[in-house]
Peer 1: 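Take this structure first; my questions come after.
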Amino acid sequence: MIGAIAAHQVLSLRRQRTFTAILVTFLSMAAVAGVIGWSSHRTIVRVYDEAVRMLAARGERAPANPFDIKPPLAMLSNMAIYVPLIGALLALIVGHLSFADDQSGGQGRMIFSRSVSRSTYVLGKVAAAAEVLAIVLVACLLIGAASLFVVNDRVPSIGNLARLGGFYALAWLYLMLFALVGMTTALMTTRRSVALLSAIAFWLVLTFALPQFTSGLAPQASLNPVSDPVSSSQRFFEITAKARPFSVTEQYKAASARILETAPAESTAKTIGRVLPIAGLTGGLLVIAMRLARRRDYSRSGADD
């Protein structure tokens with residue numbers, strides 16, 4: 001029954017062209033990241049070649065090629081920014097539509113006219129969101145691998161492909177968190193507009209507000225990059241900085257940087273520790289969604305707007 005509910009939800013997203021729109025958007029993001037990486041690589045190589053010629057004319061020794069010491073996956077690091085900013089919003093829409101359409105269209109009453117438990121219903125919807133996001137991210141992974149081949153003019157190594165797969169697996173977990181946010185807010189109210197706006201507000205808090213509070217920097221530091229960290233007199237930011245491990249967006253970015261090797265190396269245990277808050281919040285939202293679904297009255301009419 002979980003599979004049947006999931007298949008129906010995926011089919012519904014395809015009919016609404018939501019799946020197509022999300023797929024195109026994600027593929028565009030991956031393509032843009034690849035183009036930016038390729039353009040940067042080409043510019044740096046051209047400058048380096050010119051510098052080598054100038055130094056050779058002077059009889060001086062040229063420095064090492066910067067790409068010999070730069071991580072191969074660094075060219076795709078922009079995806080770690082696109083996922084929280086754009087991908088999370090798209091995941092919110094997937095989660096929101098999973099329940100809002102059933103409530104406003106009356107499908108919920110039809111589903112529960114059969115012997116379907118609320119837990120099965122929720123798990124089917126979650127499975128549909130997981131499938132859609134997984135398909136999209138696998139397509140992005142293929143584009144990323146193709147970009148590496150074009151830029152480096154050789155097939156990516158098994159290690160780099162494994163790291164790229166690990167990055168997109170983390171991105172999938174992060175996006176599932178926001179899909180569950182969309183589901184939870186849709187179950188909390190019968191008004192579709194309120195549910196969607198509540199989900200967006202949650203996205204704003206996690207993506208912008210919480211990282212600012214837990215950064216340990218004065219507010220002007222985000223505008224002035226030369227600002228020093230918060231002084232000892234600003235006790236408030238010293239206290240909020242202690243909550244940095246619970247800022248899931250910051251932990252996602254930090255873990256992504258470690259996986260792509262664009263940040264200083266750290267132990268595997270520490271990287272896993274960065275992923276735990278994301279997994280914990282995702283699991284908590286799943287439990288909340290199940291509880292809300294059990295109390296939901298689908299015998300009444302759908303959404304008010």
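Counting begins at 1 with the first residue of the sequence.
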Peer 1: How long is the straight-line distance from OG1 of Thr184 back to CG of Leu285, given to the nearest 0.5 Å?
Peer 2: 5.0 Å
Peer 1: Less than 3.5 Å apart, which donor and acceptor atoms pair up between the side chains of residues 12-19 and the rest of the protein, not counting sequence neighbours?
Peer 2:
unit_1: Ser12; atom_1: OG; unit_2: Gln16; atom_2: NE2; d: 3.3
unit_1: Gln16; atom_1: NE2; unit_2: Asp101; atom_2: OD2; d: 2.7

Peer 1: Identify whether Val181 and Leu197 are in the same connected component of the hydrophobic contact network (ILVMFWY, side-chain heavy atoms under 4.5 Å).
Peer 2: no
Peer 1: Is there a continuous path of hydrophobic side-chain contacts, each under 4.5 Å between heavy atoms, that joins Val24 to Ile93?
Peer 2: no
Peer 1: Just how far is it from atom CG of Leu187 to atom CG of Asp102, taken to the nearest 0.5 Å?
Peer 2: 10.0 Å
Peer 1: Consider only side-chain heavy atoms of I, L, V, M, F, W and Y, link residues closer than 4.5 Å, and tell whether Leu27 and Val32 are in one cluster.
Peer 2: yes
Peer 1: Can you give the donor-acceptor pairs under 3.5 Å from side chains of residues 154-164 to other protein atoms, not counting sequence neighbours?
Peer 2:
unit_1: Ser157; atom_1: OG; unit_2: Asn160; atom_2: N; d: 3.2
unit_1: Ser157; atom_1: OG; unit_2: Asn160; atom_2: ND2; d: 3.2
unit_1: Arg163; atom_1: NE; unit_2: Glu261; atom_2: OE2; d: 3.2
unit_1: Arg163; atom_1: NH1; unit_2: Arg258; atom_2: O; d: 3.4
unit_1: Arg163; atom_1: NH1; unit_2: Ile259; atom_2: O; d: 2.8
unit_1: Arg163; atom_1: NH2; unit_2: Glu261; atom_2: OE2; d: 3.2

Peer 1: Looking at every heavy atom in both Met176 and Ala129, which two are closest together, and how far apart are they?
Peer 2: SD-C, 4.1 Å
Peer 1: For Phe99, enumerate each residue passing the ring-ring contact (aromatic ring centres under 6.0 Å, His included) test, keeping only those at least two apart in sequence or located in another chain.
Peer 2: Tyr121
Peer 1: Evaluate the side-chain proximity of Met79 to Leu260: yes if any heavy-atom separation is below 4.5 Å, no if none is.
Peer 2: no
Peer 1: List, one per line, each side-chain donor-acceptor pair under 3.5 Å for residues 131-146, sequence neighbours excluded.
Peer 2:
none

Peer 1: How would you list all residue pairs meeting salt bridge (Lys or Arg N to Asp or Glu O under 4.0 Å) that involve residues 278-289, not counting sequence neighbours?
Peer 2: none
Peer 1: What's the verdict on side-chain contact (heavy atoms from CB on, under 4.5 Å) for Thr262 and Leu73, showing C-alpha distance, side-chain angles and the deciding distance?
Peer 2: CA-CA 8 Å; Thr262 57; Leu73 299 179; 5.9 Å; no
Peer 1: Find the distance between CG (Leu148) and CE (Met75) and round it off to the nearest 0.5 Å.
Peer 2: 5.5 Å
Peer 1: A side-chain contact here means heavy atoms from C-beta on lying under 4.5 Å apart; do Gln251 and Leu276 qualify?
Peer 2: no
Peer 1: With a 4.5 Å heavy-atom cut-off, do Phe167 and Leu76 have their side chains touching?
Peer 2: no
Peer 1: List the atom pairs, with distances to 0.1 Å, where a side-chain N or O of residues 168-175 and a protein N or O form a donor-acceptor pair under 3.5 Å, not counting sequence neighbours.
Peer 2:
unit_1: Trp172; atom_1: NE1; unit_2: Ala130; atom_2: O; d: 3.2
unit_1: Tyr174; atom_1: OH; unit_2: Thr249; atom_2: OG1; d: 2.9

Peer 1: So which atom in Thr185 and which in Ser198 form the shortest heavy-atom distance, rounded to 0.1 Å?
Peer 2: CG2-CB, 4.0 Å
Peer 1: Within a radius of less than 6.0 Å around CE of Met188, do more than 12 heavy atoms belonging to other residues, nucleotides or ligands occur?
Peer 2: no
Peer 1: Can you see which heavy atom on Gly34 is nearest to which on Ser147, and at what distance?
Peer 2: CA-OG, 3.7 Å
Peer 1: Return each pair, listed once, that meets side chain to side chain donor-acceptor pair (under 3.5 Å) where at least one residue sits in residues 281-295; pairs must be two or more places apart or across chains.
Peer 2: Ser119-Arg294
Peer 1: Could you tell me which residues satisfy side-chain contact (heavy atoms from CB on, under 4.5 Å) with Leu210, sequence neighbours excluded, listed by chain and number?
Peer 2: Leu206, Thr214, Ser247
Peer 1: Any side-chain heavy atom of Leu180 sitting closer than 4.5 Å to one from Met183?
Peer 2: yes
Peer 1: Using the test ring-ring contact (aromatic ring centres under 6.0 Å, His included), find all partners of Phe208 that sit at least two apart in sequence or belong to another chain.
Peer 2: Trp203
Peer 1: Under the salt bridge (Lys or Arg N to Asp or Glu O under 4.0 Å) test, which residues partner Glu50, sequence neighbours left out?
Peer 2: Arg53
Peer 1: Do you reckon Val248 sits in the same ILVMFWY cluster as Phe246, going by side-chain contacts under 4.5 Å, direct or chained?
Peer 2: no
Peer 1: Restricting to side-chain contact (heavy atoms from CB on, under 4.5 Å), what partner residues turn up for Thr120, sequence neighbours left out?
Peer 2: Met1, Ile2, Ile5, Val116, Ser117
Peer 1: In chain order, what residues pass the side-chain contact (heavy atoms from CB on, under 4.5 Å) check against Arg58, with sequence neighbours excluded?
Peer 2: Met54, Glu60
Peer 1: Out of curiosity, does Phe178 fall in the hydrophobic cluster containing Leu204 (side-chain heavy atoms, cut-off under 4.5 Å, transitive links)?
Peer 2: yes
Peer 1: Indicate the atoms forming the closest heavy-atom contact of Asn78 with Ala33, along with that distance.
Peer 2: CB-CB, 4.2 Å
Peer 1: So, for Ala255 and Arg274, which heavy atoms are closest and what is the spacing to 0.1 Å?
Peer 2: N-CD, 3.9 Å
Peer 1: Nearest 0.5 Å please: distance from the CD1 atom of Ile81 over to the NZ atom of Lys253.
Peer 2: 7.0 Å
Peer 1: Taking the side chain as every heavy atom from C-beta outward, state whether Arg192 and Leu97 have any atom pair closer than 4.5 Å.
Peer 2: yes
Peer 1: Give the minimum heavy-atom separation between Ala186 and Ala100, together with the two atoms involved.
Peer 2: CB-N, 4.3 Å
